[in-house]
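Quick one: the structure is below, questions incoming.
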Amino acid sequence: MTTLIQVADIAQYEGQEVTVRGWVYDRTDKGRLQFIKLRDGTGVVQCVAFKKEMPPEVFEIAKGLAQESSVIVTGSVRKDERAPGYPGGYEVGISQVELVHQADEYPITPKEHGTEFLMDNRHLWVRSSRQWAILRIRATIVNAMRNWLDDHGYLLVDTPILTPAAGEETTTLFEIDYFGEPAFLAQTGQLYNEANMAAFGKVYCFGPTFRAEKSKTRRHLMEFWMLEPEMAFFSLEDLMDMEEQFVSHIVKRVLDNHRMELEIIERDVSHLEKITAPFARISYDEAVERLQKLAAETDDPEQKQLLQMQWGEDFGSPHETAIAEMFDKPVFVYHYPTAVKAFYMQPVEGRPEVCRSVDLLAPEGYGEITGGSERIYDNELLEERVASIGLPREAYAWYLDLRRFGSVPHAGFGIGLERTVAWICGLPHIRETIPYARMLNRKYP
Ligand code: 4AD
Ligand code: MG
């Protein structure tokens, strides 16, 4: 009697005969002993074929297995502290091996490969433990985000991807031909979220968003996933209160559920263990002052040059990194200059050169992970702003309607999934946070 099991559950089957279906992650040939690391998607388990313990033809199959061949292995589970694998600590003493498919020579070997090569083979690279760990954490982050919102009275309402109008800067639009008329891939779901907010109170959308970012950075993708909550009668302070609860919950879920994956990617979890509400809140004015002071005090001329900035300019990555380094948790920067932010942001009363916006900057140099604001709810002011972005008013008529029928103060933000994954996993580049990255020089595979 054998039981078909998943590697993740192996500990429950000590002493039993089991069957595992999967792929050969690695094989070590020790003559009469073959050590096969078997990967089934839920984990990796070491399986040992001992020549004496099986018919010769079965041993021959085991001995001939190429990396990434697909197999069905049967054997008995024994506890062994030293057995490698994920979760590890158990191995399977093989009695049967069925070869499903003998793989061709696999391009990704345990030796080092260049990143471009790995990205060209991304469809295979996703099988590697490190990528496996990252994408499992990504799935949990999505789940944690959605659970928190669902548990706190937010309704998921989907927003369209094919849109007639820009939601953010018109310079990063992907234009497509919509039966002879121009349309754009959504940069954000926000404008529709605002309509949905008036129908349901607290809503969120979650989906792919698109930006034709013509720069190569380790923080930008052309296609990324964004989750955007939008709340009626919310102020900027309400927004920050909510965001810090939300973000700490996500980090906690990853720490609670993914110690093994964090170990695989060698993440120093002490950074994550500090992430609890509240987070520091500083104004843009204060951030600029701090940066100017830092620039003045530093002895490193290169750093001085990088940090130099004037009030009114947007932050670049070196500025965001320097601000974030002043704190060991994420930090809110609020009231940015109106000129560097989107058209829909509410100006600060009595000081219209700054707006009711807030970005959350992650620690360890990961930069902005969320961007949000109070929205303009005065019809006339919004009319002016729409005119200023230079797109046809007709395309925004529905959006302007929202300020004519029960307009309310409201606020919302967007959190970039890949930026969040990069930060939580401590990755050097955003390309590993998404299964198939779309970048300036890459849309394959
Ligand atoms: O700050 P952004 O542009 O804000 C908006 O789109 C608002 N409409 C959101 C809202 O208020 N509902 O983008 C929000 C977040 C950023 O903080 C960042 O995490 C991520 O989306 N993001 C990107 N991630 C990867 N690649 C890019 N090119 C990104 N652009 C923005
Ligand atoms: Mg932003």
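This chain uses plain numbering: 1 for the first residue, then up along the sequence. As the structure lists them, so they are numbered: ligands from 1, and atoms in each ligand from 1.
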Original post:
Do any N/O atoms on E168 end up under 3.5 angstrom from N/O atoms on ligand 1?
Top reply: yes
**OP:** Check whether any N or O atom of Q190, backbone or side chain, sits under 3.5 Å from an N or O atom of ligand 1, and answer yes or no.
**Re:** yes
**OP:** Could you check whether the rings of F332 and F279 sit parallel, tilted or perpendicular, using 30° and 60° as the cut-offs?
**Re:** tilted
**OP:** May I ask you to identify, for T188, whether its side chain, its backbone, both or neither come under 4.0 Å of ligand 1 on a heavy-atom basis?
**Re:** side chain
**OP:** Determine the interplanar angle of the Y399 and F343 rings, folded into 0 to 90°, and report it as parallel if under 30°, tilted if 30 to 60°, perpendicular if over 60°.
**Re:** perpendicular
Subject >> Flag side-chain contact, heavy atom, 4.5 Å: I265 against I137 >> reply: yes
Original post:
Nearest protein heavy-atom contact for atom 19 (O) of ligand 1: which residue, which atom, what distance?
Top reply: I369 O, 2.9 Å
Original post:
If you count the atoms of ligand 1 from 1 in the order shown, which ones are under 4.0 Å from a heavy atom of R219?
Top reply: 25 (C), 26 (N)
Original post:
Who's the nearest protein heavy-atom neighbour of atom 17 (O) of ligand 1, and how far?
Top reply: E368 OE2, 2.6 Å
Subject >> Test: R130 and E432 ion pair at under 4.0 Å >> reply: yes
Original post:
Which residue holds the protein heavy atom closest to atom 6 (O) of ligand 1, what is that atom called, and what is the gap in Å?
Top reply: R211 NH2, 2.8 Å
**OP:** Please work out whether the ring planes of Y336 and F315 are parallel, tilted or perpendicular, with thresholds of 30° and 60°.
**Re:** perpendicular
**OP:** Determine, for R290 against E286, whether the closest basic-nitrogen to carboxylate-oxygen distance falls under 4.0 angstrom.
**Re:** yes
Subject >> Value rounded to 0.5 Å, distance of CG in L135 from CD in E261 >> reply: 11.0 Å
Subject >> Heavy atom of the protein closest to atom 14 (C) of ligand 1 (residue, atom name, distance) >> reply: M226 SD, 3.3 Å
Original post:
Would R136 count as a cation-pi partner of W132, with NZ or CZ less than 6.0 Å from the six-membered ring centre and within 45° of the ring normal?
Top reply: yes
Subject >> Proximal candidate to atom 11 (O) of ligand 1 [heavy atom criterion; set E228, E223, M345, R375] >> reply: R375
Original post:
With backbone taken as N, CA, C and O and side chain as the heavy atoms from C-beta onward, which portion of Y344 lies under 4.0 Å from ligand 1: side chain, backbone, both, or neither?
Top reply: side chain
Subject >> Partner set under ring pair (Phe, Tyr, Trp, His ring centres under 6.0 Å) for F234, not counting sequence neighbours >> reply: none
**OP:** May I ask you to check whether G372 has an N/O atom sitting below 3.5 Å from an N/O atom of ligand 1?
**Re:** no
Original post:
For G412, is the nearest heavy atom under 4.0 Å from an atom of ligand 1?
Top reply: yes
Subject >> Basic-acidic side-chain contact under 4.0 Å: D378, R385 >> reply: no
Original post:
Contact between M222 and ligand 1, counting heavy atoms under 4.0 Å?
Top reply: no
Original post:
Can you check side chain to side chain donor-acceptor pair (under 3.5 Å) on E168 and Y344, steps first, answer last?
Top reply: CA-CA 9 Å; E168 296 287 327; Y344 50 72; 2.5 Å; yes
**OP:** Assess the pair F210 and F184: is the distance between their ring centroids shorter than 6.0 Å?
**Re:** no
Original post:
Under a 4.0 Å N-O cut-off, is there an ion pair linking D256 with R253?
Top reply: no
Original post:
Which atoms of ligand 1 are found less than 4.0 Å from any heavy atom of G371?
Top reply: 1 (O), 9 (C), 10 (C), 11 (O), 17 (O)
**OP:** For atom 18 (C) of ligand 1, grab the closest protein heavy atom and report residue, atom and distance to one decimal in Å.
**Re:** R419 NH1, 3.5 Å
Original post:
Is ligand 1 under 4.0 Å from a heavy atom in the side chain of F224, in the backbone, in both, or in neither?
Top reply: side chain
Original post:
Near T370, which atoms of ligand 1 are under 4.0 Å from a heavy atom of that residue?
Top reply: 17 (O)
Original post:
For atom 26 (N) of ligand 1, what's the nearest protein heavy atom and its distance?
Top reply: L221 N, 3.0 Å
Original post:
What protein N/O/S atoms are found closer than 2.8 Å to the Mg ion (ligand 2)?
Top reply: E368 OE2
Original post:
Which class fits the ring pair W148 and H152: parallel under 30°, tilted 30 to 60°, perpendicular over 60°?
Top reply: parallel
Original post:
Is the F117 to W125 ring centre distance short of 6.0 Å?
Top reply: no
